[in-house]
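Position 1 is the first residue of the sequence, and the numbers go up from there. Please read these numbers as outputs of a predicted model, since none were measured by experiment. Remember, it's 1-based here, ligands and their atoms both numbered in the order they're listed.
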Amino acid sequence: MYIKRRSGWEMPERLATPESVFLNRRALLGGVAGLAATSLVGVEGAFAAADPTSGLYPAARNEAYTLDRPLTAEKFSADYNNFYEFGTSKTVLPAANALKTRPWTLKIDGLVEKPFEIGIDDLVRKMTLEERLYRHRCVEAWSMSVPWTGFPLSKLVALAKPASGAKYLRMETFMDKSMAPGQRSFLYPWPYVEGLTMEEANNDLAFIATGIYGKPLANQFGAPIRLAVPWKYGFKSVKSIVKLSFVAERPKTFWEGLQASEYGFWANVNPAVSHPRWSQASERVLGTDQRVPTLIYNGYGEQVAGLYKGLENERLFV
Ligand code: MTE
């Protein structure tokens with residue numbers, strides 16, 4: 001007898017909203033995928049009209065990563081962003097239009113067989129794109145559920161061929177004060193840097209997103225390439241990556257550089273461990289007036305809790 005085992009991140013069917021609206025939208029988008037020259041600028045933000053890989057979207061959904069909870073409508077998630085390079089408000093969409101996403105080169109260096117650079121479109125074409133529905137829980141206690149398109153980070157790690165001495169993956173955002181007014185501020189330790197252990201980077205859930213809502217990432221989401229690690233607070237999911245370095249030492253992250261006591265390296269979601277200035281017990285669901293209980297590892301414990309065995313003395317939840 002076939003028994004479907006409900007994964008930790010899934011929610012009961014009765015809480016699901018019909019996806020028909022979303023699916024119709026995907027079908028529609030699929031139909032116009034060839035119209036790559038169409039430029040959309042509105043509440044959804046700008047996405048590169050000249051994106052040579054836009055025909056690859058929408059990608060087939062990987063049903064192992066669906067969730068039976070409502071997706072956040074794009075009109076909410078696309079106009080409520082954290083992207084400090086373009087300002088500290090949530091309305092960074094207009095400023096993020098200045099982000100130039102082509103040409104875009106990703107540099108791979110550090111402890112690898114041979115450092116190299118690869119253009120974003122070559123990289124995207126090398127990978128098999130898939131869609132995954134993921135939760136996203138910001139450290140500020142709001143959350144959303146979105147359909148990312150991209151590929152597992154482990155595939156990029158495999159492409160890089162790290163040496164055995166590589167213990168961490170350091171990821172860096174672009175640095176260009178002329179494009180990003182936020183980077184002119186001396187209050188922040190630019191560029192934005194994040195890091196994962198190699199075990200975390202190779203976990204199935206660690207995902208590189210190049211698209212969202214069935215099309216290439218709009219600028220404010222961190223175009224053209226960002227991380228999505230849904231069991232960690234959102235600040236770990238670094239946007240607009242230009243460099244991946246395989247290193248032996250734990251990298252110092254942007255937020256640690258700013259306030260290590262409040263934003264640590266691990267930053268795993270845990271409702272029982274408060275932020276020094278607010279509770280993490282529940283979260284406001286973007287686009288609704290609901291607050292729902294926060295789940296340990298944001299509901300993904302089954303997939304990731306094992307990564308932290310033997311690390312109990314670390315500040316795993318800050
Ligand atoms: N990456 C960069 N480069 N700059 C940022 O300011 N903000 C982080 C993360 N990645 C940030 C970033 C935070 S705090 C969150 S919650 C998420 O991006 C927000 O992602 P979203 O705007 O796509 O919802």
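- In this structure, K239 is positioned above the aromatic face of F83, its NZ or CZ under 6.0 Å from the six-membered ring centre and within 45° of the axis.
- Ligand 1 has no nitrogen or oxygen under 3.5 angstrom from a nitrogen or oxygen of W255.
- Here is the list of ligand 1 atoms found below 4.0 Å of a heavy atom in G234: 8 (C), 9 (C), 13 (C), 15 (C), 16 (S), 17 (C), 18 (O).
- Annotation for ligand 1: atoms under 4.0 Å from non-hydrogen atoms of T173 are 3 (N).
- Those atoms of ligand 1 that come under 4.0 Å of a heavy atom in F83, given as number and element, are 3 (N), 4 (N), 5 (C), 6 (O).
- Between Y233 and W255, the ring center distance fails the sub-6.0 Å criterion.
- Between the side chains of W148 and Y65, no donor N or O sits under 3.5 Å from an acceptor N or O.
- Residue W148 has no N or O atom closer than 3.5 Å to an N or O atom of ligand 1.
- Between E200 and K232, at least one side-chain nitrogen of the basic residue sits less than 4.0 Å from a carboxylate oxygen of the acidic one, meeting the salt-bridge criterion.
- At a 4.0 Å heavy-atom cut-off, ligand 1 does not touch E194 at all.
- When only non-hydrogen protein atoms are considered, atom 10 (N) of ligand 1 lies nearest to S237 O, 2.9 Å.
- Distances shorter than 4.0 angstrom do not occur between any heavy atom of W190 and any atom of ligand 1.
- Only the side chain of Y192 comes within contact range of ligand 1, with a heavy atom under 4.0 Å; no backbone atom does.
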Walk me through it: do M179 and K177 pass the test side-chain contact (heavy atoms from CB on, under 4.5 Å)?
CA-CA 5 Å; M179 257 181 350; K177 291 181 190 174; over 6 Å; no
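- Nearest to atom 22 (O) of ligand 1 among the protein's heavy atoms is K239 NZ, 2.6 Å.
- Heavy atoms only, all atoms of each residue included: Y263 and V318 are closest at N-CG1, 4.3 Å.
- In this pair, F86 and F174 present their aromatic rings tilted. The plane angle is within the 30 to 60° band.
- Interface atoms of ligand 1 facing N81, defined by a heavy-atom separation under 4.0 Å, are 21 (P), 22 (O), 23 (O).
- Every residue meeting the side-chain hydrogen bond (donor to acceptor under 3.5 Å, both in side chains) condition with T210, not counting sequence neighbours, appears here in chain and number order: Y57.
- Using a 4.5 Å heavy-atom cutoff, the side chains of E256 and F265 are in contact.
- Within ligand 1, counting atoms from 1 as listed, the ones closer than 4.0 Å to a heavy atom of C138 are 16 (S).
- Closest to atom 7 (N) of ligand 1 among all protein heavy atoms lies N82 O, 3.3 Å.
- For Y80, no nitrogen or oxygen atom sits less than 3.5 Å from a nitrogen or oxygen atom of ligand 1, counting backbone and side chain alike.
- On a distance-only criterion, W142 and ligand 1 share no N/O pair closer than 3.5 Å.
- Separating the CD1 atom in I120 from the OG1 atom in T53 is a distance of 7.0 Å, to the nearest 0.5 Å.
- Only side-chain heavy atoms of M144 come within less than 4.0 Å of ligand 1; its backbone N, CA, C and O stay farther off.
- Judged by the shortest distance from any of its heavy atoms, S240 lies outside the 4.0 Å radius around the atoms of ligand 1.
- Classified by interplanar angle (parallel below 30°, tilted 30° to 60°, perpendicular above 60°), the ring pair Y134/F207 is perpendicular.
- Within the 4.0 Å heavy-atom shell around ligand 1 one does not find E140.
- Listed by number with element, the atoms of ligand 1 under 4.0 angstrom from any heavy atom of E85 are 2 (C), 3 (N), 4 (N), 5 (C), 6 (O).
- Ion pairing between D121 and R102 holds under the 4.0 Å rule for side-chain N and carboxylate O.
- Per-residue contacts place Y84 under 4.0 angstrom from the following atoms of ligand 1 (heavy atoms of the residue considered): 5 (C), 6 (O).
- Among pairs with a residue in residues 263-282, those fulfilling salt bridge (charged side-chain N to carboxylate O under 4.0 Å, His left out) read E262-R277, at least two apart in sequence or across chains.
- Residue nearest to atom 23 (O) of ligand 1, selected from E172, R226, K236: R226 (by heavy-atom distance).
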